[in-house]
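Bear in mind the structure is a predicted one, so any value in this text is a computation, not a measurement.
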Amino acid sequence: MSERDFRIMGVINVTPDSFSDGGRYLAAEAAIAHGLVLEAEGADILDVGGESTRPGADPVSETEELRRVMPVIEGLIERGTGAQMSIDTSKAEVAARALAAGATLVNDVTALRGDPAMAEVVTGAGADCCLMHMLGDPRTMQRDPHYDDVVGDIKAFLAERLAFAVQAGIAEERILLDPGIGFGKTIEHNLELLRRLGEFLDLGRPLVIGTSRKAFLGRLTGRESPDDRVAGTIATNVLAYERGARVFRVHDVAPLRDALTVTAATVSAPWTTPTNTTR
Ligand code: HH2
């Protein structure tokens with residue numbers, strides 16, 4: 001079979017308050033073990049975060065964030081992880097320390113707006129960088145979000161951030177773009193972004209999508225517990241793949257790996273041979 005054309009980013013939240021897995025992997029050893037499981041399940045990237053961005057979350061100090069994430073990044077690298085290590089942070093110092101320890105991707109949900117030193121840190125390390133759209137900040141973003149045209153507005157934002165990042169010296173081929181599902185969006189906004197995701201492709205960079213276990217899936221399905229939103233997560237990611245997204249940020253790697261493997265094989269149809277009668 002041809003090499004797969006998508007990447008799965010497994011989430012490791014080292015936080016007491018993340019919306020779906022807060023407190024589960026607060027101990028470094030538990031988080032490292034979890035990361036190795038995600039990698040074995042098919043994660044290409046491991047995204048380590050020490051600050052929750054759920055709606056209403058309180059900010060975390062730099063010292064505390066470093067205390068949470070560094071042992072996990074160092075531990076995974078020491079154990080020879082083959083996955084790309086990503087740091088989910090908007091603080092330049094946290095990114096710098098993670099990159100020095102061996103991470104090579106900065107996942108900044110503020111798209112370089114949170115810390116004026118961030119662009120330089122990414123440039124200096126020659127790292128990859130994910131720029132995500134968020135309306136306002138986590139404390140306020142879900143208070144009546146409004147757009148003239150949710151896709152047009154976010155596309156313009158990402159185009160501006162991409163230009164800013166390139167101007168700051170980050171190589172364009174190192175940049176990933178993410179419309180930021182759930183970050184200052186109503187349920188209708190999220191659904192419209194997914195439905196019209198293909199419109200972001202002409203920005204010319206790989207699209208990252210993060211729907212995993214998010215509240216809008218719970219609203220649609222009536223599943224109150226984030227753990228019960230895996231099927232909704234898969235449905236949205238399969239749709240996003242079909243619409244052109246290629247990096248998928250999820251908590252549940254194994255089922256998505258299977259779902260996307262089948263989706264990718266179906267879309268590119270490499271299996272048809274005269275002798276292949278498998279159903
Ligand atoms: N979503 C979350 C955090 N980081 N990064 C990107 N690029 N895209 C996303 O959609 C995204 C993200 C929120 O999910 P989670 O990490 O599970 O929760 P919390 O922020 O509460 O830790």
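- A donor-acceptor pair is defined here as one N or O able to donate and one able to accept, closer than 3.5 Å; no such pair exists between the side chain of Thr140 and the backbone of Gly136.
- Leu201 is not connected to Val247 by any chain of hydrophobic side-chain contacts under 4.5 Å among Ile, Leu, Val, Met, Phe, Trp and Tyr, and they are in different clusters.
- Ring centroids of Phe183 and His133 are separated by 6.0 Å or more, keeping the two rings apart.
- The local environment of CD in Glu120 is sparse, with at most 12 non-hydrogen atoms from other residues, nucleotides or ligands closer than 6.0 Å.
- Phe248 does not carry Arg7 over the face of its six-membered ring by the limits of under 6.0 Å from the centre and within 45° of the normal.
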Inset, instruction - Using the side chain to side chain contact (heavy atoms under 4.5 Å, CB included) rule, take Asp115 and Ser90 through it: C-alpha gap first, then chi angles, then the decisive distance, then the call. - result: CA-CA 7 Å; Asp115 186 328; Ser90 48; 6.0 Å; no

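- At least one donor-acceptor pair under 3.5 Å links the side chain of Arg205 to the backbone N or O of Glu172.
- The closest side-chain donor-acceptor pair between Thr110 and Asp108 falls under 3.5 angstrom.
- Between Lys91 and Glu65 there is a salt bridge, since a side-chain N of the basic residue sits under 4.0 Å from a carboxylate O of the acidic one.
- Ile175 has its side chain within reach of Ile170: a pair of non-hydrogen atoms, C-beta onward, lies under 4.5 Å apart.
- Between the CD1 atom in Ile187 and the CD atom in Glu192 there is a gap of 13.0 Å [rounded to 0.5 Å].
- In this structure the side chain of Tyr241 reaches within 4.5 angstrom of the side chain of Val267, judged on heavy atoms.
- Shortest non-hydrogen contact noted between Ala127 and Leu99 is CB-CD2, 3.7 Å.
- Inter-residue side-chain proximity for Leu197 and Pro179 is flagged as met; some heavy-atom pair is nearer than 4.5 Å.
- For Lys185 (side chain) and Pro145 (main-chain N/O), no donor-acceptor pair under 3.5 Å exists by modelled atom type.
- Using a 4.5 Å cut-off on side-chain heavy atoms (C-beta onward), Arg257 and Glu41 make no contact.
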Begin with the C-alpha distance, continue with both residues' side-chain angles, and end with the deciding distance and a verdict on salt bridge (Lys or Arg N to Asp or Glu O under 4.0 Å) for Asp44 and Arg4.
CA-CA 11 Å; Asp44 307 279; Arg4 66 192 209 189; 2.6 Å; yes

Checking Ile12 against Asp88 for the side chain to side chain contact (heavy atoms under 4.5 Å, CB included) test, could you report, in this order, the C-alpha distance in whole Å, the side-chain angles of both residues, the deciding distance, and whether it holds? CA-CA 9 Å; Ile12 308 175; Asp88 185 348; over 6 Å; no

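- Ala240 and Leu194 get closest at one heavy-atom pair: CB-CD2, 4.4 Å.
- Between the His34 side chain and the Ala31 main chain, no donor and acceptor come within less than 3.5 Å of each other.
- In this structure Asn107 satisfies the side chain to side chain donor-acceptor pair (under 3.5 Å) test together with Asp47, sequence neighbours excluded.
- Between Asp252 and Arg213, at least one side-chain N (NZ, or NE/NH1/NH2) sits under 4.0 Å from a carboxylate O, which counts as a salt bridge.
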Report task. Assess whether side chain to side chain contact (heavy atoms under 4.5 Å, CB included) is satisfied between Val208 and Leu177, documenting all intermediate values. Result -> CA-CA 6 Å; Val208 180; Leu177 300 175; over 6 Å; no

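- The shortest non-hydrogen separation linking Ala245 to Ile209 is CB-CG2, 4.2 Å.
- Within a 6.0 Å radius of CD in Glu224, other residues, nucleotides and ligands contribute 12 heavy atoms or fewer.
- Listed here is the closest heavy atom pair of Asp5 and Ala264: OD1-CB, 4.1 Å.
- Residues Ile77 and Met85 meet the side-chain proximity criterion, which asks for heavy atoms closer than 4.5 Å.
- Residues Val230 and Leu256 fall within the same hydrophobic cluster, defined by Ile, Leu, Val, Met, Phe, Trp and Tyr side chains chained together at heavy-atom separations under 4.5 Å.
- With Arg174 contributing its side chain and Gly126 its backbone, the two residues share a donor-acceptor pair below 3.5 Å.
- In this structure, the side chains of Leu112 and Leu131 come closer than 4.5 Å at one or more pairs of heavy atoms.
- With values rounded to the nearest 0.5 angstrom, Cys130 atom SG is found 5.5 Å from Leu176 atom CG.
- Applying the salt bridge (charged side-chain N to carboxylate O under 4.0 Å, His left out) definition to pairs two or more places apart or across chains, none involves residues 137-146.
- A distance of 12.5 Å separates CG in Leu38 from CE in Met9, rounded to the nearest 0.5 Å.
- Nearest approach of Ala95 to Met118, heavy atoms of both residues: CB-SD, 3.6 Å.
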| request: Report the C-alpha separation of Phe6 and Thr261 in whole Å, then their side-chain angles, then the decisive distance to 0.1 Å, and conclude whether the side chain to side chain contact (heavy atoms under 4.5 Å, CB included) test is met. | output: CA-CA 9 Å; Phe6 59 85; Thr261 300; 3.9 Å; yes

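- Taking 4.5 Å as the limit, some side-chain heavy atom of Ile87 sits within range of a side-chain heavy atom of Val69.
- With rounding to the nearest 0.5 Å, the separation of CD1 in Ile8 from CD in Glu39 is 12.5 Å.
- Under a cutoff of 6.0 Å and an axis angle of 45°, Arg161 and Phe164 form a cation-pi pair.
- A donor-acceptor pair is defined here as one N or O able to donate and one able to accept, closer than 3.5 Å; no such pair exists between the side chain of Arg68 and the backbone of Glu51.
- Between Asp149 and Arg196, at least one side-chain nitrogen of the basic residue sits less than 4.0 Å from a carboxylate oxygen of the acidic one, meeting the salt-bridge criterion.
- Between the side chains of Thr211 and Thr236, at least one donor-acceptor pair of N or O atoms lies under 3.5 Å.
- Put simply, the side chain of Gln84 reaches to within 4.5 Å of the side chain of Asp128, judged on heavy atoms.
- In this structure, CG in Leu193 is found 10.0 Å from CD in Glu199, a value given to the nearest 0.5 Å.
- In this structure, Ile32 is not a member of the same hydrophobic cluster as Ile45, with clusters built from ILVMFWY side-chain heavy atoms closer than 4.5 Å.
- Put simply, CG on Leu162 and NZ on Lys155 are 12.5 Å apart, with the number rounded to the nearest 0.5 Å.
- Of all heavy-atom pairs between Ala159 and Leu203, the closest is CB-CD2, 3.7 Å.
- Checking side-chain atoms of Thr266 against main-chain N and O of Val262 turns up a donor-acceptor pair under 3.5 Å.
- Cluster membership for Val150 and Leu217, using ILVMFWY side-chain heavy atoms within less than 4.5 angstrom, is shared.
- The closest donor-acceptor contact from the side chain of Asp153 to the backbone of Tyr147 lies at 3.5 Å or more, if one exists at all.
- Cluster membership for Val250 and Val37, using ILVMFWY side-chain heavy atoms within less than 4.5 angstrom, is not shared.
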